[in-house]
Each structure stands twice: as C-alpha cells, then as structure tokens.
Amino acid sequence: MNAVARQRVCVLGATGSIGLSTLDVIARHPDRYEVFALTAASRVEELAELCRRFAPRFAAMPDAARARQLRELLAGSRTEVLDGKAALVELAGHPEVDSVMAAIVGAAGLEPCLAAARAGKRLLLANKEALVVGGALFMDAVRAGGATLLPIDSEHSAIFQCLPEDRSTWRQRIDHIVLTASGGPFRDRDPATLAGVTPDEACAHPNWVMGRKISVDSATMMNKALEVIEARWLFDLAPEQIRVVIHPQSIIHSMVVCRDQSVLAQLGTPDMRVPIAYGLAWPERIESGASTLDFLQLRGLSFEEADARRFPGLQLAWAALRGPEGSTAVLNAANEVAVEAFLDGRIGFDRIHALNQATIEALQPGAGATASVAALLALDAEARRVAGEQLRRFQR
Ligand code: NAD
Ligand code: MG
C-alpha cells in the first residue's frame, strides 16, 4: 500500500487531444493519480470507454440527451453521470478534487476554470482561450482562491520550467521572453494560394497532432497571438516583453531572456505529454512516455522572423493587449466564429483574418466590460453576434 494519498484529478475535455494525452500520463502512474471526473461535449461512446477504463466517480456532458445516452452506456458502473454546463463548474470546484486539467477548447472553458481557481485547485491550464477571455479577472480568481496555476501550453510550460519556483523573483529576473512558433503547415506556401486551402490541409500540422480548432489557429498563427496574450497574464509581462520567433523544428519550446542577457531555453521532442507530466507532478518530475531527444539526429535548429504578410493575425495580439480592456476577449470570440466558419466551409482560409479584423473594428468594449464574469460573458456573446454579422460580408 502506498501511504501517500493519490491526487484526485478532474479532466475537463477528456476526449480531446490534450485530455487523452493526460489520461495516457495518468495511466502510467496509478500510484500517484486517480481519475475523479471526466467530462466531454461530444463523442459519447469514447467517453463511455474512458469511464470503463478509469472508473471515475463522476462523468459529465453539457448536453442532456448525450448525458442520458452516456448514462445508459454506463448503467451498473460506479460512475455517476451529470449533465448541463453547471455540472462542469460543480466538478471543477468539487471539494474532493485536487487537480483540474482544463482541456476544453474555447471560451466555453472559462466558467469551469474560474470555479477551479476559486476553489484553490491545482489548475493545469491547456485551455488558453479561457485566460485570453478572463484576463485580470481570471488571475484575480487564482490569487483569491489560492489556486496553483500550472501552464500546459508547451511554450508556457517551457518558460515556467526556466523560471524559479518563487514567483516574486520573476519580474526582477526577466528581460523578455521568446515564444517559438513552428510556422504551421503554410510557412513556405505562396500567400497568394492561401484562399483555396481546405480544412484538412490547414489541420495537417507538421510537428503536432492536435484538435481541429488549435490546428487552424496554428496555420493562421492566431494560436501564437493567443499565446502572447496568455503569456502576458501567466508571467505578468508588458506586451513589449513578449517576442515571437519561428523555429520550424519545434525542439526549443520557448526561452527566457534574463536581465543579464543570459538565455534559458527548454528543449525536448514535441510531445504534449511532457508539459502535462510536469503539470501533474510539479515540482517533481515523472516519466511522461515521450521519447528522448536525440541530438545527433537533429539536422539543425533554425529561426526566422514571422512574416506579417503571411501571418497578419499575429500582430492583433499586441494591438488587443494595448487596446481597451476586453479587446482580447473580442478577438478570441471573433476568431472562434471565424475558425468554425472556415471548418464548415463557409469562408475561405484567408478570410479568417479579415473577419477578426472587421470584428475588432466594429466592436470596442466599453468601460466595465471586464468587471465581472457576467460582463465578460456578455462581451463574449456580443462579439460573437458582431462577428456573425460581419461574416455575411465574407461568406462564399
Ligand atoms: P480537442 O478539440 O481535441 O478537444 C476538446 C475537448 O473539449 C473535447 O473533449 C470536447 O468534447 C470538449 N469540448 C469542446 N467544446 C466544449 C464545450 N462547449 N463545453 C465543454 N466541453 C467542450 O482540443 P485540444 O487540441 O485537446 O485542445 C484543448 C485546449 O488545449 C485548447 O484550448 C487548445 O488551445 C489547448 N492546447 C492544445 C494543444 C494540443 O496539442 N492539442 C497544445 C496546447 C494547448
Ligand atoms: Mg502552444
């Protein structure tokens, strides 16, 4: 018998790319982790299969009909099935949960993330959109709740791994950070041909296998834009302290440039199980399942500037950070609408940026737009409405 209590983990977005990688790491360490709850929005059969394998105390789906189906599939098992958005919030803040893996995609993850933050959980944050929307309010909830916020995004995990545990030293120590970007599948493609690319082409990432939304974001580099905003909050940086460089091999996951110009980098094979394992075990290290980086197989590490003509969306990050409070939430909402429209075949790939730009221009958040969760959710809804209106101009 292990005398040490196992960490009880709630995985939000269990059927997704990050959710499954998290369960892969957890399965390697049955002595350390116990799955307490699993949630997903779709893929009922897959969620049922995960419940049979990990025997969580709870499972939840926002949609009542899907939850009913899951309940039928799991009849006679120990897993209790909950439904509705409120169930995700309840499980993220459940008193018996130690750690929450936030792996929902999009602003839909904001409320469960806030619940985990307020309840003082170890919050493993993959769901970057929640922080991009929540901003200062999110960070305030983390502080007020006494939560431990652990970045899962590989770049932010890299920065976090390069910094000392004592957060109070960060400001003094950091000159700036450099987020690396692979450049996605269209790094070398003639920008004039981008209008015609298909969703499958946009989702064929050279180095990472991910959900479709973040794959499209990587192709437009809006993913990096969201990560710039994410870094601003996670590490309390000014916009000008965040730089981006294209590094096609995805071996250096990001870097901290210290005041004395010493550069600290974190390297490894591109495998999300590394940052996930670090988040689960921090401040310890556990086996992640990732393969060892073979330096002799590397044909070189290269770096290039992100071309603003090819990736016009990247600059929107700094513009939104310098704009009125709430601008980042508007940008995120516009982008969620644009990516969905692209994946559904309603707009061309090159119109994603046009729609984001048009939405930002059409909607300036007013005073108090980020003052409360209700205000933020209203701003998010308004931005989606405005983006939907703008969408008509760009539809095929
Ligand atoms: P995914 O699409 O593979 O999975 C998303 C999960 O969230 C699924 O389980 C889905 O059922 C659930 N979900 C979707 N919409 C929901 C809603 N409205 N309410 C509740 N649950 C919902 O996505 P992913 O690639 O695993 O990415 C998840 C998050 O992690 C994203 O924010 C992404 O930016 C971030 N992230 C992913 C990677 C990666 O390698 N995949 C890397 C870094 C960061
Ligand atoms: Mg990333």
Side-chain angles (χ1 to χ4, degrees), residues 10-24 37-47 49-50 59-63 66-67 70 82-89 91-92 101-113 115 124-134 150-160 179-184 203 205 207-218 220-231 234 244 247 250 252-254 266 270-276 279 290 332 335-336 339-340 343 377 380 384:
C10 167
V11 183
L12 304 169
T15 55
S17 158
I18 293 289
L20 292 172
S21 293
T22 303
L23 291 170
D24 179 283
L38 295 176
T39 84
S42 58
R43 302 196 194 168
V44 182
E45 302 272 350
E46 277 103 320
L47 184 57
E49 194 46 49
L50 293 172
M61 303 195 80
D63 179 70
R66 288 187 176 137
L70 181 66
L82 310 178
D83 60 61
K85 284 191 203 169
L88 308 191
V89 170
L91 291 174
M101 166 53 82
I104 290 173
V105 58
L110 177 63
E111 287 180 284
C113 278
L124 282 61
L125 186 72
N127 184 196
K128 66 192 86 186
E129 297 93 342
L131 184 51
V132 168
V133 174
L150 298 161
I152 297 301
D153 218 342
S154 58
E155 297 76 2
H156 306 74
S157 173
I159 304 286
F160 185 64
L179 301 179
T180 52
S182 68
C203 289
H205 196 279
N207 305 342
W208 305 90
V209 180
M210 311 179 286
R212 283 171 83 77
K213 196 266 177 178
I214 183 175
S215 295
V216 175
D217 284 346
S218 299
T220 58
M221 269 185 77
M222 269 309 292
N223 180 50
K224 212 50 56 179
L226 297 175
E227 290 182 357
V228 166
I229 299 165
E230 184 186 13
L234 284 174
V244 170
H247 165 47
S250 297
I252 296 180
H253 299 311
S254 280
Q266 185 262 342
D271 187 328
M272 285 308 293
R273 290 176 301 180
V274 176
I276 290 168
N332 177 71
N335 186 54
E336 287 194 36
V339 171
E340 197 182 314
L343 286 172
L377 294 176
D380 175 70
R384 283 167 203 270

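In listed order, ligands and their atoms are each counted from 1. Residue numbers start at 1 and run along the sequence shown.
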How long is the straight-line distance from [atom2] of [Y] back to [atom1] of [X], given to the nearest 0.5 Å?
X	Y	atom1	atom2	answer
Asn127	Asp153	CG	CG	10.5 Å
Met61	Leu38	CE	CG	11.0 Å
Trp208	Ser17	CH2	OG	10.0 Å
Glu230	Lys224	CD	NZ	9.5 Å
Leu125	Leu234	CG	CG	6.5 Å

Answer whether the closest heavy-atom distance between the side chains of [X] and [Y] falls below 4.5 Å.
X	Y	answer
Lys213	Glu129	yes
Asn332	Glu336	yes
Ile276	Leu124	no
Met272	Ile152	yes
Met222	Val339	no
Cys203	Val216	yes
His156	Ser254	no

Name of whichever N/O/S atom of [X] is nearest to the Mg ion (ligand 2):
X	answer
Asp153	OD1
Glu227	OE2
Glu155	OE1

Closest non-hydrogen protein atom to [atom], residue and atom name please, with distance?
atom	value
atom 44 (C) of ligand 1	Asp153 OD1, 3.5 Å
atom 13 (N) of ligand 1	Ala41 CB, 3.7 Å
atom 34 (O) of ligand 1	Lys128 CE, 3.1 Å
atom 41 (N) of ligand 1	Ser17 OG, 3.1 Å
atom 36 (N) of ligand 1	Ile214 CD1, 3.6 Å
atom 4 (O) of ligand 1	Gly16 CA, 3.1 Å
atom 25 (O) of ligand 1	Gly211 N, 2.8 Å
atom 8 (C) of ligand 1	Thr15 OG1, 3.5 Å

Using a strict 4.0 Å cut-off to heavy atoms of [X], name the atoms of ligand 1 that fall inside it.
X	answer
Ala108	17 (C), 18 (N)
Met272	40 (O), 42 (C), 43 (C)
Ala103	5 (C), 6 (C), 7 (O), 28 (C)
Ala14	9 (O)
Ser42	11 (O)
Leu88	20 (C)

Looking at ligand 1, is there an atom of it that comes within less than 4.0 Å of some heavy atom belonging to Glu129? yes
Where the closest heavy atom to atom 35 (C) of ligand 1 is concerned, which of Ala60, Ala126, Gly106, Pro62 has it? Ala126
Using a 4.0 Å heavy-atom threshold (strictly under), name the region of Ile18 that reaches ligand 1: side chain, backbone, both or neither. both
